[in-house]
Amino acid sequence: MSLLFAGLISGTSLDSLDAALTRIDGDSLQVLQTHSHPIPNTLRQQMLELCLPGDNEIDQLGQTEIDFAMLCSEAVSDLLAAAGISAGDVTAIGSHGQTVRHRPPAAGGAAGFTLQLGDPNTLAALTGIDTVADFRRADMALGGQGAPLASGFHRFAFSKTGENRAVINIGGMSNITTMSANGAISGCDTGPGNVLMDIWIQSQRGHAYDAGGAWAASGTVIGELLATLMDDAYFRLTGPKSTGREAFNADYLHQKTAQHRRADATDIQATLLEFTARTIAGGLGDSEQLDSIYICGGGAHNTALMQRLQQLAPDCNVTTTSALGIDPDWVEAAAFAWLAYCRVNNLAGNVPEVTGASRKAILGGIYSGSLPSSERS
């Protein structure tokens with residue numbers, strides 16, 4: 001029996017709120033309609049500020065969470081209107097929420113925690129649709145990183161018996177899922193995706209992003225800066241591991257480039273692209289064992305980055321997930337629709353081999369948007 005599920009994700013880049021309406025029948029998923037909903041600059045700035053410690057955090061967090069949930073309800077309304085579907089036809093919404101703090105557990109240290117904004121009670125009430133949210137903390141309660149969660153969906157949608165494949169999501173951060181021909185799976189957050197390149201071009205040229213990587217491609221890599229970036233402790237960790245804006249942000253970039261203030265800004269952008277490509281390639285392990293690499297997320301549109309990844313994995317075919325039937329812009333939104341499907345059907349959503357959790361787990365809580373049976377006519 002096929003059912004309709006909507007997925008919502010804004011991601012680390014916070015460039016927009018992506019919504020996808022999917023039809024899932026258990027064995028397959030079809031993306032029926034997509035919608036990219038703008039995030040007002042004021043709300044975006046509030047969420048970015050909450051990614052780092054500051055004053056009056058709890059009050060700001062409380063109001064921002066409601067504001068973002070209201071925005072999510074607008075996105076769902078526009079998505080369903082475009083599809084010509086009524087709210088009553090949708091089984092559930094899978095809402096990731098906006099991550100404002102992600103502190104993964106440290107080896108031998110304190111337990112980790114993670115926090116996503118976007119009150120699911122408000123979203124369910126405004127849409128009238130059951131909403132699944134808070135996906136990450138169940139995995140963390142079992143000792144996992146709570147990330148990346150996309151690996152289960154990558155296996156569901158993109159694995160193929162007899163072929164060694166990797167799926168790489170390049171958003172603000174990058175994560176990778178490697179699926180072996182024998183069914184084995186591994187993955188982790190590899191580090192920055194678009195985030196540092198976006199921060200740099202915004203500060204230097206006022207652009208939201210480097211279209212096609214053209215600005216980076218016109219520069220020359222600064223070897224000393226690249227070595228400094230590559231020396232970060234995160235890249236010496238073995239998986240499972242995860243990261244976010246808490247580690248890789250504007251302050252981080254300012255610190256790492258402090259000794260290169262007289263360098264050409266274009267060359268710094270070129271170095272950031274090289275850094276991103278090398279850390280992603282490093283997460284692949286021995287790329288000679290892979291047959292194909294499929295890219296999704298905003299990084300799939302960075303031509304220079306795609307070309308560099310192909311150079312770093314010359315024995316693989318590097319392309320986008322369009323070749324597997326899902327546009328790279330909508331893989332993550334589809335993933336959270338699928339995670340909602342898993343929760344509604346009491347299926348495990350995490351991959352312990354990737355997150356490090358002690359076992360498989362049913363992820364997320366269900367927040368009712370439908371009327372109680374006693375109130376239905």
Side-chain angles (χ1 to χ4, degrees), residues 1-11 14-25 29-40 42-44 46-47 61-100 115-137 149 153 329-346 349 362-377:
M1 178 180 179
S2 64
L3 298 171
L4 300 183
F5 289 83
L8 298 174
I9 181 76
S10 48
L14 264 170
D15 49 358
S16 66
L17 174 60
D18 292 337
L21 179 66
T22 67
R23 185 185 303 279
I24 306 176
D25 66 7
L29 176 148
Q30 180 185 7
V31 177
L32 302 178
Q33 185 70 48
T34 60
H35 171 64
S36 182
H37 202 77
I39 300 175
T42 300
L43 179 57
R44 180 179 188 273
Q46 288 171 345
M47 289 192 285
L61 183 148
Q63 186 59 57
T64 302
E65 177 163 50
I66 300 301
D67 291 345
F68 187 61
M70 294 174 68
L71 188 78
C72 289
S73 73
E74 293 174 10
V76 171
S77 178
D78 288 351
L79 174 72
L80 299 186
I85 297 293
S86 67
D89 294 326
V90 180
T91 300
I93 300 165
S95 178
H96 172 266
Q98 180 59 45
T99 299
V100 293
L115 180 62
Q116 286 75 42
L117 296 189
D119 177 33
N121 298 283
T122 298
L123 178 56
L126 291 174
T127 60
I129 304 171
D130 290 352
T131 296
V132 184
D134 191 15
F135 290 98
R136 299 189 182 276
R137 291 195 289 185
L149 293 185
F153 178 69
D329 290 337
W330 305 108
V331 171
E332 278 203 296
F336 281 91
W338 176 79
L339 283 167
Y341 166 86
C342 290
R343 177 62 186 88
V344 167
N345 289 280
N346 292 319
I362 297 169
L363 305 181
I366 301 176
Y367 300 79
S368 180
S370 55
L371 287 171
S373 57
S374 61
E375 298 295 324
R376 296 171 191 165
S377 57

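Owing to the predicted nature of the structure, the values given are computational and were not obtained by experimental measurement.
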Side-chain donor/acceptor of Asp130 to backbone N/O of Gly369, under 3.5 Å
yes
The side chain to side chain contact (heavy atoms under 4.5 Å, CB included) partners of Thr91 (sequence neighbours excluded) come to Leu3, Phe5, Val344
So, using side chain to side chain contact (heavy atoms under 4.5 Å, CB included) as the criterion, who are the partners of Ser77 when residues are at least two apart?
none
Rounded to the nearest 0.5 Å, what's the gap from SG on Cys342 to CZ on Phe153? Could you check?
10.0 Å
With Gln46 via side chain to side chain donor-acceptor pair (under 3.5 Å) - residues at least two apart
none
Could you please spell out the steps behind the side-chain contact (heavy atoms from CB on, under 4.5 Å) verdict for Leu80 and Val90?
CA-CA 9 Å; Leu80 299 186; Val90 180; 3.8 Å; yes
Any residue meeting ring pair (Phe, Tyr, Trp, His ring centres under 6.0 Å) with Phe135, in chain and number order, not counting sequence neighbours:
Phe336
Applying side chain to side chain donor-acceptor pair (under 3.5 Å), can you list everything that pairs with Ser10, at least two apart in sequence or on another chain?
Gln98
Summary of ring-ring contact (aromatic ring centres under 6.0 Å, His included) pairs that have at least one residue in residues 69-94, sequence neighbours excluded
none
How close do Leu17 and Cys72 get, heavy atom to heavy atom, and via which atoms?
CD2-CA, 3.7 Å
To the nearest 0.5 Å, what is the distance between CG (Leu71) and CD1 (Ile66)?
13.0 Å
Under 3.5 Å donor-acceptor, Arg343 side chain and Gly364 backbone:
yes
Drop me the distance from Arg44's CZ to Ile39's CD1, to the nearest 0.5 angstrom.
7.5 Å
Drop me the distance from Leu61's CG to Met47's CE, to the nearest 0.5 angstrom.
11.0 Å
Which heavy-atom pair separates Leu79 from Ala19 by the least distance, and what is that distance?
CD1-O, 3.8 Å
What pair of heavy atoms forms the shortest contact from Leu21 to Ala83, and how long is it?
CD2-CB, 3.7 Å
Partner set under side chain to side chain donor-acceptor pair (under 3.5 Å) for Ser73, not counting sequence neighbours
none
Mind checking the OH-CG spacing from Tyr341 to Asp25? Nearest 0.5 Å is all I need.
7.5 Å
Is there side-chain contact between Thr34 and Asp329, with heavy atoms separated by less than 4.5 Å?
no
Less than 3.5 Å apart, which donor and acceptor atoms pair up between the side chains of residues 118-127 and the rest of the protein, not counting sequence neighbours?
| residue | atom | partner | partner atom | Å |
| --- | --- | --- | --- | --- |
| Asp119 | OD1 | Asn121 | N | 3.3 |
| Asp119 | OD1 | Asn121 | ND2 | 3.0 |
| Asp119 | OD2 | Thr122 | N | 3.2 |
| Asp119 | OD2 | Thr122 | OG1 | 2.6 |
| Thr127 | OG1 | Leu123 | O | 2.8 |
| Thr127 | OG1 | Ile129 | N | 3.2 |

Could you grab the distance from atom CG of Asp18 to atom NE2 of His35, nearest 0.5 Å is fine?
9.5 Å
With sequence neighbours excluded, give me every salt bridge (charged side-chain N to carboxylate O under 4.0 Å, His left out) pair touching residues 70-96.
none
Do you know which of Leu4, Ile85, Thr22 makes side-chain contact (heavy atoms from CB on, under 4.5 Å) with Leu32?
Leu4
So, for Ala20 and Ala333, which heavy atoms are closest and what is the spacing to 0.1 Å?
CB-CB, 3.7 Å
Determine the minimum heavy-atom distance between Thr131 and Ser95, stating which atoms define it.
CG2-CB, 4.2 Å
Excluding sequence neighbours, so at least two apart, what forms side chain to side chain donor-acceptor pair (under 3.5 Å) with Arg137?
Asp134
